Amino acid sequence: MAIPSLLNNKHLLWRAGFGPAAGQYAQLSGRETRSLLADLFKHYDFNEIRYSTPDLPDAPANMMDSQSAAYRKKEMQKTYSKQNNELNLAFLDRMIHSDDQLREKMAFFWHGHFACRVNNPQYNRQLLNTIRKNALGSFRDLLFEVSQSPAMLNFLNNQQNKKDHPNENFAREVMELFTMGRGNYTENDIREGARAFTGWSYDKEGNFQEKVKVHDEGVKTFLGKTGNFNGADVLNIILDRKATAHFITAKIYRFFVNEKMDEAIIDELSESFYHSGYDIQKLMKTIFSSSWFYDPMNIGNRIKSPIELMAGISRTLPMTVQNPENLIVYQKLLGQMLLYPPNVSGWPSGKSWIDSSTLMLRLQIPQIWSGLRPLEYTPRPDDDIEMGIKSRETALNKMFKNPNIVIDWPQVEKIFTDKNCEDYLIQSPVSLDMNTVKSFSDRSVKMNIINLMSTPEYQLM
């Protein structure tokens, strides 16, 4: 266990969650790291994320049947968009306000690992809650439940995977992206795996079902084993491979520790992960309890993703967002919109978050949210995301120029009075020139914090 310190505590709370909450700053420098760690692994009751279910309006009586159908379809799409936005914001709200920070951070990780993009909010809600429920449980259970979810089966076209006409998308991505990674299977394994997954489908209510009539009952040879395999058999064979434990462990290490991998540590962790029966919580407890996790080379080396940046600012600054849908626009502007990964590989990481436009907005968010400057950006075009807003800059500015965020600055000033704000807000303040920061400030706690959050150093964790 690392020696308790302010730096270690900040590091733990940013990596195992979304940063310190406002109420944690007062005790951050005086509390032992092991005590914070115990809080992260407390048992918290699991609460599902939900959305509203409004009744669709009836078509006007004077409409013809063809017009009525088109009208209802349009209203259905509006409802879907509204419900998906509710799911998005509810997930973000849990990241910001939940005491169960480790569950939500792990769910955020798995949300990118099992990248899926469908329009049906029922399927999105089911998959999101499946991931959140199993985020710290067994990877075996998580893999099975995700693989049998209507969202993933739909996204990877397994509805079209039938005997004599196999569709290989699902089988390929399960091996390449979700379990073993490239180099641990062959093209023939993909073909045989696809045959085993024939018939995996779901009914109109979104319940998983195996359609016997379209399942290939023939003998398959998969990863060196031969038998009349079905989809469950294939997943179990994959989980029997140590390559799966290594692939998952390495990805967790890159996300939570360092993108530059220490192969010796990963080998040791993955061996333990495999023999634990893929116990995610045990793996994470080992990582966060290890002295190497708190090594200076692993602190302040990761660029915050847009969601981590937004959630972290929101946890530090107690705020009321009068128009929460505005936060979805910020997600889109910054390139990470929950429920909408760019592809099946998920979101990028590291320096890919930073370009000439996103960096400037990232640095300006504290000022925009504090009401010191307007939002002067437009979202990138994305035909697959319809949020009920027009793409014209005038329409965007009219709706979102005022963020309608109220920050409780008296509470913030009470928390940070008599503290060096940079020690609490910046992971590695060594390179920070506080004289320059304060030269742009009236020396108030409020302006110090806004200016610190507007530095490149605050982009790191």
Side-chain angles (χ1 to χ4, degrees), residues 12-19 21 36-50 87-117 123-152 155 174 177-179 235 239 244-245 247-257 269-270 272-274 276-289 293 302 305 307-308 311-312 315 336 338-339 341 346-347 349 461:
L12 176 64
L13 293 179
W14 268 111
R15 294 300 177 89
F18 295 91
L36 287 175
L37 189 61
D39 282 352
L40 288 168
F41 286 94
K42 278 182 181 178
H43 173 75
Y44 295 91
D45 292 334
F46 173 70
N47 294 307
E48 285 195 348
I49 287 174
R50 301 182 181 276
L87 289 175
N88 177 306
L89 294 170
F91 192 19
L92 181 61
D93 184 75
R94 299 297 174 89
M95 297 176 193
I96 296 168
H97 296 112
S98 175
D99 292 331
D100 202 352
Q101 280 287 289
L102 181 55
R103 177 192 297 278
E104 302 304 338
K105 189 61 172 280
M106 285 302 307
F108 177 59
F109 167 78
W110 294 123
H111 182 56
H113 178 76
F114 292 109
C116 182
R117 183 165 171 162
Y123 299 167
N124 279 327
R125 183 181 67 84
Q126 182 181 349
L127 178 59
L128 181 57
N129 284 320
T130 291
I131 288 173
R132 293 179 59 251
K133 179 186 69 176
N134 294 287
L136 285 166
S138 161
F139 178 73
R140 179 183 296 273
D141 294 342
L142 177 60
L143 176 63
F144 265 83
E145 291 194 37
V146 168
S147 298
Q148 294 179 349
S149 69
M152 193 61 72
F155 183 54
V174 163
L177 298 175
F178 300 163
T179 57
L235 292 183
L239 288 164
T244 298
F247 179 79
I248 299 300
T249 302
K251 191 165 184 179
I252 286 175
Y253 184 94
R254 290 195 301 271
F255 185 88
F256 288 93
V257 184
L269 289 172
S270 66
S272 177
F273 187 42
Y274 179 83
S276 73
Y278 291 96
D279 187 329
I280 301 168
Q281 178 168 299
K282 183 178 179 181
L283 172 63
M284 302 314 298
K285 187 172 290 187
T286 299
I287 290 173
F288 298 141
S289 301
F293 176 74
R302 273 198 60 216
S305 73
I307 293 297
E308 289 169 325
R315 281 178 63 75
Q336 188 175 39
L338 296 173
L339 305 183
W347 286 283
S349 61
M461 68 175 183

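What you see below is based on every heavy atom in this structure, not just the backbone, and it leaves out hydrogens, waters and symmetry mates. Treat the numbers as computed from the prediction; the structure is a model and nothing was measured.
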If I take atom CD1 from residue I49 and atom CG from residue N124, how far apart are they, to the nearest 0.5 angstrom? 11.5 Å
Please determine which of V257, I252, T286 meets the side-chain contact (heavy atoms from CB on, under 4.5 Å) test together with L269. T286
To the nearest 0.5 Å, what is the distance between CD1 on I287 and NZ on K282? 13.0 Å
How about Q126 and P150: do any of their side-chain heavy atoms sit closer than 4.5 Å? yes
Ring centroids only, cut at 6.0 angstrom: are H111 and F91 within range, meaning strictly under it? yes
Classify the ring geometry of F114 against F139: parallel below 30°, tilted from 30° to 60°, perpendicular beyond 60°. parallel
Quick one: sort the Y278 and Y274 rings into parallel, tilted or perpendicular, breaks at 30° and 60°. perpendicular
Taking atom CG of N88 and atom CG of D93, what is their separation to the nearest 0.5 Å? 11.0 Å
Polar side-chain atom of R132 near backbone of N47 as donor-acceptor pair, under 3.5 Å: yes
Any L235 side-chain heavy atom under 4.5 Å of Q148 side chain: no
Is a side-chain N or O of Q336 found less than 3.5 angstrom from the main chain of I307, in a donor-acceptor match? yes
Any side-chain to backbone donor/acceptor pair from T179 onto V174? Under 3.5 Å, distance only. yes
Does any N or O in the side chain of R302 come within less than 3.5 Å of the main-chain N or O of M461, such that one atom is a donor and the other an acceptor? no
Where do E308 and K105 land on the salt bridge (Lys or Arg N to Asp or Glu O under 4.0 Å) test, with the steps shown first? CA-CA 9 Å; E308 289 169 325; K105 189 61 172 280; 3.5 Å; yes
A side-chain contact here means heavy atoms from C-beta on lying under 4.5 Å apart; do F256 and F288 qualify? yes
Please confirm whether the backbone N or O of F18 pairs with a side-chain atom of Q101, one donor and one acceptor, at under 3.5 Å? yes
Determine whether the aromatic ring centres of F255 and W110 lie less than 6.0 Å apart. no
Rounded to the nearest 0.5 Å, what separation is found between the CD1 atom of I248 and the CG atom of L143? 8.0 Å
Is there a donor-acceptor pair under 3.5 Å between the side chain of R117 and the backbone N or O of P341? yes
To the nearest 0.5 Å, atom CE of M106 lies from atom CG of L283 at 7.5 Å
Donor-acceptor contact present, side-chain S276 to main-chain F273, <3.5 Å: yes
